[in-house]
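Comments concern the structure below.
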Amino acid sequence: MTKIATRDAYGKALVEVGAKNPNVIVLDADLSKSTKTVDFAKVYPERFLDMGIAEANMIGTAAGLATTGKIPFASTFALFGTLRVGDQIRNSVCYPNLNVKIAVTHSGLTLGEDGASHQAVEDIALMRAIPNMTVIVPADAEETRQVIHAAVDYDGPMYIRLGRPAVPVVFDENYKFEIGKGAVVKEGSDVAIIAMGVMLSPAMEAADELAKEGISARVINMSSIKPIDEEIIIKAAKETKGIVTAEEHNILGGLGSAVAEVVSEHAPTVVKRVGVEDTFGESGKPDELLVKYGLTKEHIIQKAKQIL
Amino acid sequence: MAFDQQTLAYLQEKANVMRQDIVKMVAEASSGHPGGSLSAADIVAVLYFNEMNIDANNAKDPNRDRFILSKGHASPVLYAALAEKGFFPREELMTFRKIDSRLQGHPSKKSLPGVEMSTGSLGQGLSAANGIAMAGKMDKLDYRVYAVIGDGEIQEGMIWEAAMAAGHYKLDNLTAFLDYNGLQIDGPVDDVLNPAPVDDKFRAFGWHVIIIDGHDMNQIDDAIQEAKQTKDKPTMIIAKTVKGKGVSYMENQVGWHGTAPNADQLKQALEELTGGKQND
Ligand SMILES: Cc1ncc(C[n+]2csc(CCOP(=O)(O)OP(=O)(O)O)c2C)c(N)n1
Ligand SMILES: [Mg+2]
């Protein structure tokens, strides 16, 4: 199976949208080689701004650019693009509802060896809670490409969460990303697994394993965290015995919370959350960390069985 | 006043061992930041092995001097010093950046004795140093507070908030070193976002400023002593350094900011640092 990091797909997609739309401007905070905005910088140096290690100023500057009709993409690691600049995003971007795209990489535990100081597992909770913000977590390279194109077409603040490690390519050009829509990637009727980002592949593997034991698991890719696809969640709640959510994020405030909010209002059912259990991460190899912090297909299978 | 020959040789040997530990740790982890660790090694060596009042056996002594590595990605230089000072067994250096290790990628106060503040998110350490310095004044304790910040790191606005506060509160028990190695990740600091003139900026914020060669042990020590004599002002020691200092192929190379040497490169680095002498 081909594996590509979503950050690599991001760099390439930026070059595509840069060609399509001269208003696309890219800003980075001294991490352009890691976030891959360097790909854009090489082709469009006059539309690339290296803001130095000054994330707050980067977000404020992006807000100013957006008021003139530019479409700024501001990039850094997830931690520094959200928690470091929470107020700037809230008051300079979301409150005036400006067309700023905050596209971050190295999200979650799979950032790896840099450790807890750099591992954002709270970013989605924060971004979701800000009015006017759209929150998207692409699962693979193709979806990332489509999300970046959709971001340029959409007018308003958007948070796009990307990752460091190479992840399996699940989708092809026939897939159609849409803001506010989830996608059923595997049908099933006993239990539903709703996954986000790097957890989509383990979710699909878990469904395959469960099938061997005669358990039919539906798998839903939920890349649009806000607005979230209520319809697909309610349908899953009604047609299965319960839902397992899988996210590379704190189980407080992320995908699991968002899904639980929807079902508790519209179709109460059991929701079991696979995710980081309200703790900081640590240094280690991405795969080791996923195991230690309970983010594997085994953990998904275990939670699915608890429901049945 | 210059060090006597014996002390100078002792400190140079300490810095050299630290440099060997730095490249070994990063190579063993296949991950980490050698460039900015090597550039700060002489400063950290003088602080830990000549100046600071710290004791691994009394690590929580309220009177101890404090060291804060604001540029936390240079954690290997801190770990090398702490191991040599006896805060943890030397063997543990080789667990750096591995799962279950106390030696996190960036210093973690809660996991490792001797780490005074968790750092790694740039721009935050100087404020913590201010807080410790303020507490020292309130409690009438005469410990001193040292911080090391990066020349890319000072692009963070928070550094200048801290600079203004330290000047305003006349924190003369605070001494910061600016590791002016000229490089950050995306290139030379002058090209990415030029912070110069740095000396005038800190002076304008109420600091006493000293400019030195950050690899000259005597100059480092003279500056520390001058800072201790300076009343009513914090001192910023602008240390002109070479990123990757001591390993020829790393020196002044932006690419060695966050890249680990492979086995051959490690061998060469250790040969250079030991002058070809046998190494364990
Ligand atoms: C807030 C924040 N933004 C970005 C980073 C990523 N980062 C780590 S090191 C570094 C460059 C630091 O340059 P400098 O301060 O000059 O350090 P040195 O040259 O001494 O290694 C960057 C951007 C970070 N750790 N923290
Ligand atoms: Mg530097």
Side-chain angles (χ1 to χ4, degrees), chain A residues 27-38 41-42 45 48-61 75-85 87-88 106 109 111-120 164 279-293, chain B residues 26 28-33 71-73 75 95-111 115 117-125 149-161 183-195 254-255 257-260:
Chain A
L27 299 88
D28 204 301
D30 195 33
L31 286 168
S32 66
K33 287 176 246 177
S34 297
T35 62
K36 305 297 173 184
T37 60
V38 67
K42 278 184 193 145
F48 176 78
L49 300 168
D50 198 325
M51 304 303 294
I53 312 169
E55 296 81 7
N57 184 49
M58 173 169 76
I59 299 298
T61 304
S75 289
T76 173
F77 289 178
L79 192 90
F80 313 132
T82 58
L83 285 102
R84 183 61 178 253
V85 293
D87 183 18
Q88 285 79 8
H106 296 66
L109 299 178
L111 161 137
E113 292 84 349
D114 274 349
S117 63
H118 286 50
Q119 290 162 343
R164 176 189 178 214
T279 180
F280 289 103
E282 65 177 89
S283 294
K285 297 205 167 66
D287 288 340
E288 294 172 337
L289 293 168
L290 291 176
V291 172
K292 178 162 177 181
Y293 289 86
Chain B
V26 176
E28 171 67 22
S30 298
S31 173
H33 300 84
K71 40 168 266 186
H73 58 280
S75 54
T95 68
F96 173 57
R97 284 186 169 242
K98 292 182 182 167
I99 198 154
D100 298 327
S101 172
R102 296 196 290 175
L103 277 60
Q104 287 294 296
H106 296 77
S108 168
K109 177 172 169 57
K110 81 168 191 278
S111 64
V115 174
M117 188 63 197
S118 299
T119 53
S121 184
L122 291 169
Q124 303 192 23
I149 62 178
D151 52 357
E153 182 182 18
I154 60 171
Q155 292 160 348
E156 287 286 1
M158 189 172 170
I159 288 288
W160 301 100
E161 296 175 25
L183 298 176
Q184 53 190 114
I185 298 180
D186 279 349
V189 291
D190 292 5
D191 294 348
V192 176
L193 191 69
N194 193 353
V254 75
H257 170 82
T259 309

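Residue numbers begin at 1 in each chain, while the letters A, B, ... track the order of the sequences.
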Seminar exercise, completed: The ring pair (Phe, Tyr, Trp, His ring centres under 6.0 Å) partners of His73(B) (sequence neighbours excluded) come to His33(B), His257(B)
Exercise. Which atoms of Asn57(A) come close to chain B, meaning under 4.5 Å heavy atom to heavy atom: side chain ones, backbone ones, both, or neither?
Worked result: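 Neither part, no heavy atoms under 4.5 Å.
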Seminar exercise, completed: So, the part of Lys285(A) with a heavy atom under 4.5 Å from chain B: the answer is neither
Donor-acceptor under 3.5 Å ([X] side chain, [Y] main chain):
X	Y	result
Gln184(B)	Gly152(B)	no
Gln88(A)	Gly60(A)	no
His118(A)	Leu111(A)	no

Exercise. Are Asp50(A) and Ser32(A) close enough, and set up right, to give a side chain to side chain donor-acceptor pair (under 3.5 Å), and what steps lead you there?
Worked result: CA-CA 8 Å; Asp50(A) 198 325; Ser32(A) 66; 4.6 Å; no
Please identify, among [options], the residue contributing the most non-hydrogen atom pairs under 4.5 Å to chain A.
options	answer
Glu156(B), Lys98(B), Glu153(B), Gln155(B)	Glu156(B)
Ser101(B), Ser118(B), Gly157(B), Gly105(B)	Gly105(B)
Gly258(B), Gly32(B), Gly187(B), Gly120(B)	Gly120(B)

Residue [X] versus chain A: region with a heavy atom under 4.5 Å:
X	answer
Ile99(B)	both
Ser31(B)	side chain
Asp100(B)	both
Ser111(B)	neither

For this session: Against chain B, work out which of Glu282(A), Glu288(A), Lys292(A) has the most heavy-atom pairs shorter than 4.5 Å and name it.
Result: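 Looking at each option in turn, the highest pair count goes to Glu282(A).
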Problem set entry | Geometric class of the Phe77(A)/His106(A) ring pair [parallel <30°, tilted 30-60°, perpendicular >60°] |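 Geometry flag for Phe77(A) against His106(A): parallel rings.
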Seminar exercise, completed: Residues passing the side-chain hydrogen bond (donor to acceptor under 3.5 Å, both in side chains) test with Glu55(A), sequence neighbours excluded, are none
